[in-house]
Amino acid sequence: MISDFIRPDEVAFLIALGLSILSGLLMGVERESRHKDAGISTHILVIMGSMLFTYLSVRVDAGSPSRIAAQIVTGIGFLGAGLIIKEGVAVRNLTTAASLWFAAAIGMSFGFGYYMIGLVATLAGVIIPRIPHLKESIDSAKSK
């Protein structure tokens, strides 16, 4: 009965869309908790967009879906470059730019149907930006 309403490939799309939203939300919350420019909406849109481009490229151009994938990598790299700011000797937003680039890769994994890889990568994308700041906590604890 439900198969009359929704096709199996549409179920796969809805799963990928839901995972994209969840992953973008998690990664965006991490960036917003640091008061960064690219937050929840940006990460959700990057993951959903790359997922959709990938999903459609597999179904429309099944013989060469890597062509779209290559363009996603380049396009998001350009977007991330616009976020990076140099102030004197300091560089800001480098991790946020890398986070968007990584988010696009997560979206591509969902678009190709590799849901577990995308979820594990999301977890890494939320945890890894916190690692450098552990050193600062240790240094401040030692100085007390």
Side-chain angles (χ1 to χ4, degrees), residues 5-144:
F5 178 69
I6 189 165
R7 298 185 327 235
D9 62 324
E10 291 171 332
V11 171
F13 171 76
L14 292 175
I15 291 169
L17 183 67
L19 292 173
S20 296
I21 293 169
L22 175 65
S23 293
L25 175 69
L26 293 173
M27 291 183 73
V29 164
E30 192 286 322
R31 292 285 78 202
E32 282 194 14
S33 72
R34 305 269 181 123
H35 308 288
K36 298 300 179 180
D37 295 331
I40 295 169
S41 297
T42 306
H43 280 81
I44 289 174
L45 290 171
V46 166
I47 293 176
M48 281 187 352
S50 62
M51 179 279 296
L52 184 56
F53 280 129
T54 304
Y55 181 87
L56 292 174
S57 72
V58 168
R59 277 138 188 93
V60 174
D61 189 10
S64 184
S66 61
R67 290 184 312 126
I68 299 294
Q71 298 307 314
I72 293 169
V73 172
T74 303
I76 297 299
F78 181 78
L79 179 66
L83 282 171
I84 299 169
I85 301 169
K86 184 171 187 266
E87 292 177 344
V89 296
V91 176
R92 291 186 32 225
N93 292 335
L94 193 57
T95 302
T96 302
S99 177
L100 286 178
W101 193 66
F102 191 65
I106 291 169
M108 289 171 63
S109 70
F110 293 147
F112 280 122
Y114 294 106
Y115 305 133
M116 185 55 67
I117 290 171
L119 289 172
V120 170
T122 299
L123 183 61
V126 171
I127 293 171
I128 288 172
R130 298 290 177 169
I131 292 172
H133 299 279
L134 293 175
K135 183 181 180 317
E136 291 175 10
S137 297
I138 293 168
D139 289 344
S140 68
K142 286 181 182 177
S143 65
K144 288 182 181 178

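Around atom CZ of Phe112, more than 12 heavy atoms belonging to other residues, nucleotides or ligands sit under 6.0 Å away.
In this structure a side-chain-to-backbone donor-acceptor pair under 3.5 Å is missing from Thr74 to Gln71. Side-chain atoms of Asn93 come within 3.5 Å of backbone atoms of Leu83 as a donor-acceptor pair (strictly under, hydrogens ignored). A donor-acceptor pair under 3.5 Å links the side-chain atoms of Ser50 to the main chain of Val46, judged by distance alone. A distance-only check finds no donor-acceptor pair linking the side chain of Arg59 to the backbone of Asp9 [under 3.5 Å]. Using modelled atom types, one side-chain atom of Glu32 and one backbone atom of Ile40 make a donor-acceptor pair closer than 3.5 Å. Remark: side-chain polar atoms of Arg130 are not paired, donor with acceptor, to backbone N or O of Val126 under 3.5 angstrom.
In terms of heavy-atom proximity, Glu10 sits nearest to Tyr55 at N-OH, 4.1 Å. For the residue pair Met48 and Ser20, the shortest heavy atom distance occurs at CG-CB, 3.8 Å. In terms of heavy atoms, Phe110 sits closest to Ala16 at O-CB, 3.7 Å. Minimum heavy-atom separation, Ala97 to Gly80: CB-O, 3.4 Å. Taking all atoms of both residues into account, the shortest heavy-atom contact from Gly24 to His43 is O-CB, 3.5 Å. Listed here is the closest heavy atom pair of Leu119 and Ser23: CD2-OG, 4.4 Å.
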How far apart are the C-alpha atoms of Ile127 and Glu30, what are their side-chain angles, what is the distance that settles it, and do they pass the side-chain contact (heavy atoms from CB on, under 4.5 Å) test?
CA-CA 9 Å; Ile127 293 171; Glu30 192 286 322; over 6 Å; no
Problem - side-chain contact (heavy atoms from CB on, under 4.5 Å) evaluation trace for Leu45 with Thr42 - result: CA-CA 5 Å; Leu45 290 171; Thr42 306; over 6 Å; no
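By the 4.5 Å heavy-atom criterion applied to side chains, Ser99 and Met27 are counted as neighbours. The shortest distance between side-chain heavy atoms of Leu14 and Ile6 falls below 4.5 Å.
A distance of 5.5 Å separates CZ in Phe13 from CG in Leu52, rounded to the nearest 0.5 Å. Taking CD1 of Ile72 as the start and OG1 of Thr54 as the end, the distance is 3.5 Å to the nearest 0.5 Å. Summarising the geometry, atom CG belonging to Leu17 is positioned 11.5 Å from atom CD1 belonging to Ile47; distances are rounded to the nearest 0.5 Å. The CG atom of Leu26 sits 9.0 Å away from atom CD1 of Ile44, with the distance rounded to the nearest 0.5 Å. The CE atom of Met108 sits 10.0 Å away from atom CD1 of Ile68, with the distance rounded to the nearest 0.5 Å.
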